[in-house]
Structures are given as structure tokens and as C-alpha cells.
Amino acid sequence: MKKLDSTVLARRANQIKEELRQKLRKQYKQVIDLYWGDSHAAGVKPLSFVRQVLAACLYPDLVNSNTLPVDVRQRAQRLLGECAGGSVGSYTATAGIPEIVQRISEFITKRDGGVPSDPENIYISPGSQWALANILKVLVNSAASPRTGVLTPGPCYPLTNFTIKGLGGVTVPYYLSEEPGWELQVEELHRALDSAKGVCNPVALYVINPGNPAGYVQSRKTMQEVIRFASEKRLFLLADEVYQECVHGEKSEFLSYKRVLSEMGPPLSDTVELASFHSASKGFMGECGLRGGYVELVNLDPDVVKCIYKLFSTDSCAPVLSQIALDLMTSPPQPGDPSYPLYSEETQHIKTMMVHNVKRVFEVLNSLPGFSCQPVEGGAFAFPRLHLPPKAIQKAKEMEMEPDLFYCMRLLEEAGVLVKPGMANGPKEGTHHIRFCIMTPEETMEEILSSMSSFHTQFMKDFS
Amino acid sequence: MSHQAMNGFGGKVLTLENMNPNVRKVEYAVRGAIVQRAVQIEKELKECLAQRGRISAELLSFPENSSVFVAPGLKRKRAASSYSHFKQAHKPREPGVLCSRCHGVKKPFTEVIKANIGDAHAMGQKPITFFRQVLALCAYPDLLEDNKFPEDAKQRARRILGACGGQSIGAYSASQGIECIRQDVSRYIEKRDGGIPSNPDNIYLSTGASDAIVTMLKLLVCGEGPDRTGVMISIPQYPLYSAALADLAAVQISYYLDEDRCWGLDMAELKRALSAARTHCNPRVICIINPGNPTGQVQSRQCIEDVIRFAKEEHLFLMADEVYQDNVYAEGCKFHSFKKVLFEMGPEFSSTVEMASFHSTSKCYMGECGFRGGYMEVINMDPEVKAQLTKLVSVRLCPPVTGQALLELVVNPPQPDEPSYSTFMKERTEVLAALAEKAGLTEQTFNTVPGIICNPVQGAMYTFPRITLPQRAIDTAKEEGLAPDMLYCMRLLEEEGICLVPGSGFGQREGTFHFRMTILPPTEKLKVVLQKIRDFHVRFTKQFS
């Protein structure tokens, strides 16, 4: 199992938090934790409708009291009727409560402009990574020789790479082109696949759209090239789409891989095998702690699907509250519903906040020498590049640290801001980045950018 | 041969032949073929009822006597009358005849009773009020201003929220679980085990106990060929273990429990199984479920000491699945935690035997399966291995925070001086007393049936009686490609609408047949179920003699 250097940062952060609590430290009042894509931890409020429905489902006495709006109570009542014994404490069907799964499939169809979605191919799990791990388990044969390979992007979401390796597979990186805008170039996919010759047997291609850590939103053209490549090279396509609600760029639009595939028509639309993943952790809801996600399978061999079902069944089922959260995400309040005005106000507030944050991050970081930042079109993070002076790189080497980890440690110590070193995400060798969550209240973002600017300017001076 | 070449052009990319062969071997009987058929039948019944009452099948809830809500806007009276018409039309007179309304095959029953899975709430058991109040407050903290909620519930909620990022249960927690909850789990264990210290650092919260069990097995399984890790597990067993072992390509070392001695553990059998296994694998782990699933036995203290001694002598890692620790009914039986016994055996054992104990919020008196809450405590684990374990659990990010919050309440329930105490104790006592009553009733009733022998249900939530099947039934099953007890259970499902799990799904001695039934349906319904099974068994035996 690979060493996770980032635990060094986490440990130091906890120590500093303790020192702050004991008032042993005064440079800043608190550690601002931007390490994870966790909007609630960053201060964004949960959506009222979601929490009201969850509360009523947990404590059904609330369904009959006037404390909560009428549509909340009706929704809770319906959901409880769909739970065995009327309780969120019961197990459910393996893939999820059938009525919820049905509604998710309807959401998918609507999202994809009418492309049909079969509820039998949808599995709800405790978080999208759980479902991804199950699909990877089916794809990766740990005893195979040569070993199973999966193409993953550089930079990537590290837990996916970790999971692949843990299953005995090999990750084959394909590098996104930082300029312009972290584009996926199909020539690079070819190069990556060629590099695998004699090393491993690639069976799947993993894409993240919108991106993590890099905040791109793929164009239809890019997606079509990816699909054609997967088809030609007979690769299983894994599409991690958990940030589909996080699109900030004015010219950007999220298109699902399933939709693009379907609109390319047969034979591709009938043959390319695809698993798409979504989650309740991101987007407006940001309910990371509930652990709710799902996978939709497209064009898989029915016998394989039976095995996948059995695999999911050993996990029993996803937590019921998570399933409910997914239902609320895919069937939110509609105009005319009593909860709609507040829901609309809260989601609009988050949208405005993101547009503001994305713009400010781009402006501020690009104004600082030693930073360059691609526009953040989607996702939950900024992933700016650090152009570190040679002296800083030297110092990092002396301390036996990667340069970006060194920078992050300093940023934590001196400014109380916890961000993630880019090396954990596996970008191109020799480049340095940091990743930080931008789903924060606007005032917090201003504070962060101000702290980072001061720190960065000083850092560059110290190592010039 | 390359992946591409194997498939040939035009075939599927991912097939049974090139998928991970270990996954193909995974079976989990508790949610297997018989349950899928039960779900299908339920759907058909619901459709028919919906047609009859012209009510949308999605909105209708079932069965009528439970506390389940009917669709908004639909008067309870009207729903009840549609239901009674339905029951009239589907009286068990002419099974197999088509229903005039929905044109599906008429069933001689109006509901499917799912006695296959240990799901208490599904069978009508009520959640503990206090727990649900605190969780609702955590979900929607505005309710902290509502004076309908007791002060002790609010206090617990504030404490939990204070430990969450951004004061929200929607934030990720530390991968090992929220620290103050782990501390409370430790204190609970110390109190339970008469003061034996528990270190919060050794507590790992998980997504149900199953998650922790699979994680431990992942950590323990290694090696190639004859060196491959062997894992000892009781037969009969809870099929999560066999599924996990198949998935990990570990070697399953089965040791038989002694049916004639109330499913007791037999040390000679353990030794036999182990020495036979040493020829083809490297045995490193022994798993034990106490109280047992499916067998319900509660191990004696002596037995637990013997197992610990065995684990030490044979250098085995001990995995103690104790999720049913509050479910003990029989006179003279008591739950002894493996950790407590280990420490009471003195430092020779307590400082050397490596162990993990598992607990969950799904069973006992809580029955909150749908929350996926649980934990494990690791004892005497090598610090480097523990570091790897900590890394491994980080891949899942964190266990559901709502499950963690629930666990907090289970280990830190209302105290005698708190407002919610009396209601809490009343509810808890009622649940456990009802289970004890049903355990006794089940054993008694089954033992009146010629051809069914039922061991006492000492604990847990199941009965695992042995059934005698006529030779013709066994032969018929073979012809149909089914295990004989699967044939039996399938027939029972089709004829009576009762869903059980055949013993073959759990493992049993060659030539013996069993089924697992839960004791969870409400007492009155359980009586009906027991009677139907008795009548069915007699019918089945006659039919196949």
C-alpha cells in the first residue's frame, strides 16, 4: 500500500488546531480546512428542504405536526410508505428502494433529453466510490498475468488510483494538458495505451467530468473522441460524474457520457459498455457525511450484471437516509410547491457564491507571480500551478519533502490555511500544484485569498 | 492472450469469462434467488391490489395492519376497504387460477412474509423514540428551538453536531470515525466488560459491522498457492463470511458446530479442521459468531476460553462477531465478550492474542439496519499493521455520519436521572421481552411437528431447525437442479407466501437439511406463520412420500 504523505499535513493541522484551542498561537484564529471537497465543513449551509424531509423521516411524529411545511410532510409520508415497516431503520432492496430507483431513472432520462434509463441497471451505494470499487472489483483480476490495467487521468482523484492498486490492478496515467484548460487529448490516450504494452492488460478507461482536481468541463467533441477510443480499443468506460451539478463557467454545459454516447447512434450507442457515477456529496446538497451515491450501467452483458447484483447484495444496501437524500436531489421542490421559494433562494445563493469564488480565485491567483491558474469551469476545487523558485525546491529536497507538500506545510503554519499538495493527485512529473475547495461562503473565500496572497508573496520573497 | 483477442470483435468487452473470477464465486443466500422470487410475488400482489382499488401501486402501502402510512389524500378507510375486497377475492380456494382483475396468477395469500432477513423494523418493531428524536434534531437543528423535544435529546444532539465539520452531519468525518464517539464507544466497552480498559484509538467505526469484517479480512488475506491465507469459519455461518472469502480468494476452513449439543463448539472438530487445512493453505484467522447466526447458540464461558487458548496455540487472529450481544433469551445463558474473557485469562493471553470484535446498530433492541452503523475494536494489533488498517479505511472516506450518531446514542443511552430514561427502558425491555417470548414459542411449535427438530433459540434472531425430507423430494430437487431445502423453501413461498432461507445457503452437514427463519414477525403473526409452516411441512412430506 502506497505511502500517503498527506497524513503529515493532517497531523500537523490537528496539532495546530489544538494549539489554537489552548491559545498557544496567535497568528490566526482558526485553521481553514479546504483539504476535502466538503462544503458543509467549509461553512455552506445544508438545504432546508432536504434536512426537513430527513428529520420527518427519522421522527415520523413530525409528519403530523405543523412544525414543517406541508410538502415536506407529504414527501416524508410518501417515502416512509416506501420503506419496509414504515421505518428508515429497515433494510431495503439491494439496489435501493425500488420507487426511489425508479425516480432516479426518470431524473436521468430528463437530464439526458429523453434518453431512456432502465431502473434495473441502477445501484445505490454508500457513496459513489463504493459503487466504483465494486465495478472495479469485477474488472480487475488480481491473479491475472499480465496484471489488469485501468487508464486514469493525471491529475486524478487519488482514491480511485488507490482502489485500483489495492485490488491488484495497475494504473496507466494519461496526462491532461494543463494549457489550455486541462484538455483531454486523444493522442495522449493513444500514447498511454501504448505505454501499457508489455506492462499490463488495460481493460478500462476512467474519466472524471466535471474534473477533480482540475476544474474542467469536457466538450461534447472531447467526449465523443473518448467514446470512440474506448470502443476502438475495447475498453470499459468508467465515467465519474459526481460534480455534474457543479458547473460554473458561463460557456460550459454538463453533458453526461450516456447522453453523448446515445446521441452518437448505433453501433456505438449499443455496444460501448459504460458505468456512470453520481453522488449526493457534491452539488447544492453537499451531503458528504450521508454517504449516498449511485451507478448506472449501460450495455453490460446481462450475466455480468447478475454477478454485480450479487456483489452489491453482500453489502446489504445503502443507508436509507442516503437513498432518501438521492431522491431529494433528483426530485427537488418544483415551482408551486410551498418549499420551492426557499429552495430556489438557497440554491441560487450557492450558485452566485460559486460564480463569485471561481472568478475571484482566477483573478487573485493569476495576479500573483509564481501562480498560474486555469479557469475553473466546474467541480469543487481550484488546482493552480505553483512555479516555485529553485531555492524553495532545494529546501524541500533537504527536508525530504515534495516541493508542493513543503509549500502546503508552510501555508498551514504561517497562514492557517490547509490545502492539498497537488502531488497526491498525480499530475505531470516536475509540475507542482495545490488543490483547495472553493465551495465556501464568499466572505470565507475573500479571507482565504487574502491570507494566501500575503503568504505567497512572502514565500516567494524568502526563497528568491 | 490479449484482452481484445479473447473477445473477438463484436462481443462484449466485459464477459463472464474475462471478469474477475473470484466475483463469480460470490453467493449471498440471504438476498439470493428465493428473495428475488419473493419480491416478484410481492410486486404482483401489489399490482393486483392497485388495480382492484384503482390506486397507484407506488402510493399504496402494505400490509394494512402495520403503522405504515397510506398515500396522502387517501382515506385510511377507503384503503382498508379495497384491501378487504382484495383479501376476499384472493381467498385461498383456487390457487393457480387467474385473477379476473389483474390477470396475474391468483395467489392463495395476500402478503409475502419476509422471514428471511434479520430486519426487525420491517416486521413491525418500533424504533427507540429517544434515538430518533436526537437524530431528527441532528438532521434539522432548527428543531432545537421546538419544545416538543426533551432536553436530554437536545443535549445529545448539540454534542454530536459540535463534533461535526461545520456543525453538520453532512460533512465528512475522520475516516476512523468521529473522535468523541469513539471515546464513548470505549467507555461503553469498559463498562460492559467490568472495567477492562479500552483505547479509543483501537476503535474503528464502520458502515455496519459487515464493512469492518470485510476490511479486516482484506488486511489478513495474503500469500500464494499453499501459502494462501486460510480462514476458519463455523458451519453453519452467516454467508457474508463465505462471500468475502470467495471474493478475496482466501481459503475457507469450515468447522462444524455440533447440532446435537445445541450447536455448541467442539474443540476436537476445530483441531480436525485446522490440521486438515494446513496441507493446502496457511491458516491465520478464526471467525466466531456469538451469539450465533443462523444457529442462535450462546457460547459458554468455558467454550470462549477454549477458543482463545486454541487461537493462541495455533497462532490465529481471532475475529469475534458479537452483533447480537444483547439478544440473549435462554435461561442459564449469558453473553461473555471475547475481550473480557481474554483479559480475565491473564497477561499470558491478554497481551498476546490478536483479536477484533465487531458490533452493530442493526440488531439487539435497536434494529436500525437501514443506518449501516457499526464498529470494531482491535486488540494487540501490530502497530505497523494498524497503520495500514487506518490507511485502508480512508479509501471509503468515512462511515455514514448518521450511523455514527446512532452508535453514539446506543453506547450513551439515557441515564436514570434523565427525562427520557423511563420511556427508553420501557421500550428496550419490551422489545427484548417480545423476542424472548417468540424464541420460546418458535422452538416449542416446531418441535411439535414430526420431521422438524428445533434446537433452543438461545439468542440472536433466528431459528435454524432441521427438516427431514422424503427421498422423492430430494430426487425431485436434484432433477430441478436445486438444493433439496431450496426446493422446500420455494414451494413454501409459492404456496404460503412465507420467505425463508434454505440451510444450504449457510452450510450444513452433508445429507442434512435446514431452513433459517427469523423470529421477528409480531407474536400473533408469528403464531400464524408457525402454524402455516407446520401444515405445509405435513403436506409436503405427504406429497413426496
Side-chain angles (χ1 to χ4, degrees), chain A residues 1 4 36 38 40-43 46 51-52 54-55 58-59 62 67 74 77-78 80-81 84-92 94 99 126-127 129-130 137-141 159 162-163 201 203 234 236 273 286-291 300-301 303-304 307 310-311 313-314 316 319-322, chain B residues 3-4 7 12-16 19-21 23-24 26-28 31 39 58 61 66-69 71-72 117 119 121-124 127 132-133 135-136 139-140 143 146 165-166 168-173 207-208 210 240 243 249 367-372 388 391 395-397 400-403:
Chain A
M1 279 189 245
L4 286 178
W36 301 106
D38 188 341
H40 292 197
R51 292 307 190 82
Q52 288 168 345
L54 289 176
L58 281 162
Y59 188 54
L62 290 169
T67 321
Q74 279 176 337
Q77 191 174 51
R78 177 171 82 175
L80 287 170
S87 165
V88 296
S90 303
Y91 285 123
T92 73
T94 296
E99 293 87 345
Q129 279 288 306
W130 191 298
K137 219 183 262 193
V138 178
L139 287 163
V140 176
N141 181 357
L159 290 188
F162 201 67
T163 304
N201 176 23
V203 302
R234 295 181 60 71
F236 190 99
E273 289 157 56
E287 297 283 5
C288 311
L290 290 185
R291 317 308 302 115
L300 265 71
D301 181 321
D303 288 336
V304 172
C307 291
K310 266 191 243 171
L311 200 56
S313 77
T314 62
S316 295
V320 178
L321 291 178
S322 325
Chain B
H3 174 86
Q4 288 92 318
N7 286 321
K12 288 286 183 192
V13 164
L14 181 60
T15 65
L16 284 181
M19 68 177 271
N20 181 350
V23 173
R24 281 182 69 179
V26 168
E27 294 292 341
Y28 183 63
R31 286 175 175 259
V39 168
E58 288 146 8
S61 32
S66 84
S67 66
V68 168
F69 298 91
I117 191 163
D119 188 344
H121 291 199
M123 289 290 117
R132 293 305 190 85
Q133 286 173 333
L135 292 168
Y140 188 52
L143 294 170
D146 189 331
S168 164
I169 54 168
Y172 287 122
S173 78
T207 307
S210 303
L240 168 72
E368 297 278 16
C369 317
F371 278 81
R372 319 306 297 114
Q388 294 300 314
K391 229 180 274 171
V395 185
R396 291 263 165 92
L397 288 156
V401 174
T402 39

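Lettering follows sequence order; numbering is per chain, from 1.
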| Looking at Arg372(B) and Ser210(B), what are the two nearest heavy atoms and their distance? | NH2-OG, 4.4 Å
| remark: To the nearest 0.5 Å, atom OH of Tyr59(A) lies from atom CG of Leu143(B) at 10.5 Å
| If you tally heavy-atom pairs under 4.5 Å against chain B, which of Pro126(A), Cys307(A), Ser313(A) wins? | Ser313(A)
| said: Quick check for you: among Leu54(A), Thr163(A), Leu311(A), which has the greatest number of heavy-atom pairs under 4.5 Å with chain B? | reply: Leu311(A)
| Point-to-point distance, once rounded to the nearest 0.5 Å, from CD of Gln77(A) to CG of Leu62(A) | 13.0 Å
| field | Arg31(B) portion near chain A, given a 4.5 angstrom heavy-atom threshold | value | both
| query | What residue in Asp38(A), Leu159(A), Asn141(A), Leu321(A) has the most heavy-atom pairs under 4.5 Å with chain B? | reply | Asp38(A)
| field | Between Ala55(A), Gly43(A), Ala42(A), the one whose heavy-atom pairs under 4.5 Å with chain B are most numerous | value | Ala55(A)
| request: Look up atom CD in Gln129(A) and atom CZ in Arg396(B), then write down how far apart they are to the nearest 0.5 Å. | output: 10.0 Å
| What option among Leu300(A), Leu290(A), Val88(A) has the most heavy-atom pairs under 4.5 Å with chain B? | Val88(A)
| field | Side chain, backbone, both or neither of Val138(A) within contact of chain B (heavy atoms, under 4.5 Å) | value | both
| message | I'd like to verify something: which residue of Gly127(A), Ser316(A), Pro46(A) has the highest number of heavy-atom pairs under 4.5 Å with chain B? | response | Ser316(A)
| remark: One should read off an interatomic distance between Ser90(A) OG and Leu80(A) CG, to the nearest 0.5 angstrom, of 10.0 Å
| message | Need one label for Thr92(A): side chain, backbone, both or neither, based on atoms under 4.5 Å from any heavy atom in chain B. | response | backbone
| query | Is chain B contacted by the side chain of Glu273(A), its backbone, both, or neither, given a heavy-atom distance below 4.5 Å? | reply | side chain
| request: Give the member of Leu397(B), Thr402(B), Leu240(B) that has the highest number of heavy-atom pairs under 4.5 Å with chain A. | output: Leu397(B)
| message | Measuring from atom CE of Met19(B) to atom NZ of Lys12(B), what distance do you get when rounded to the nearest 0.5 angstrom? | response | 14.5 Å
| Which portion of Ile117(B) sits near chain A, non-hydrogen atoms under 4.5 angstrom | side chain
| request: Sort Arg51(A) into side chain, backbone, both or neither according to what part of it lies under 4.5 angstrom from a heavy atom of chain B. | output: both
| query | Under a 4.5 Å heavy-atom cut-off, does chain A meet the side chain of Leu16(B), its backbone, both or neither? | reply | both
| field | Approximate separation, where rounding is to 0.5 Å, of Glu287(A) CD and Ser168(B) OG | value | 5.5 Å
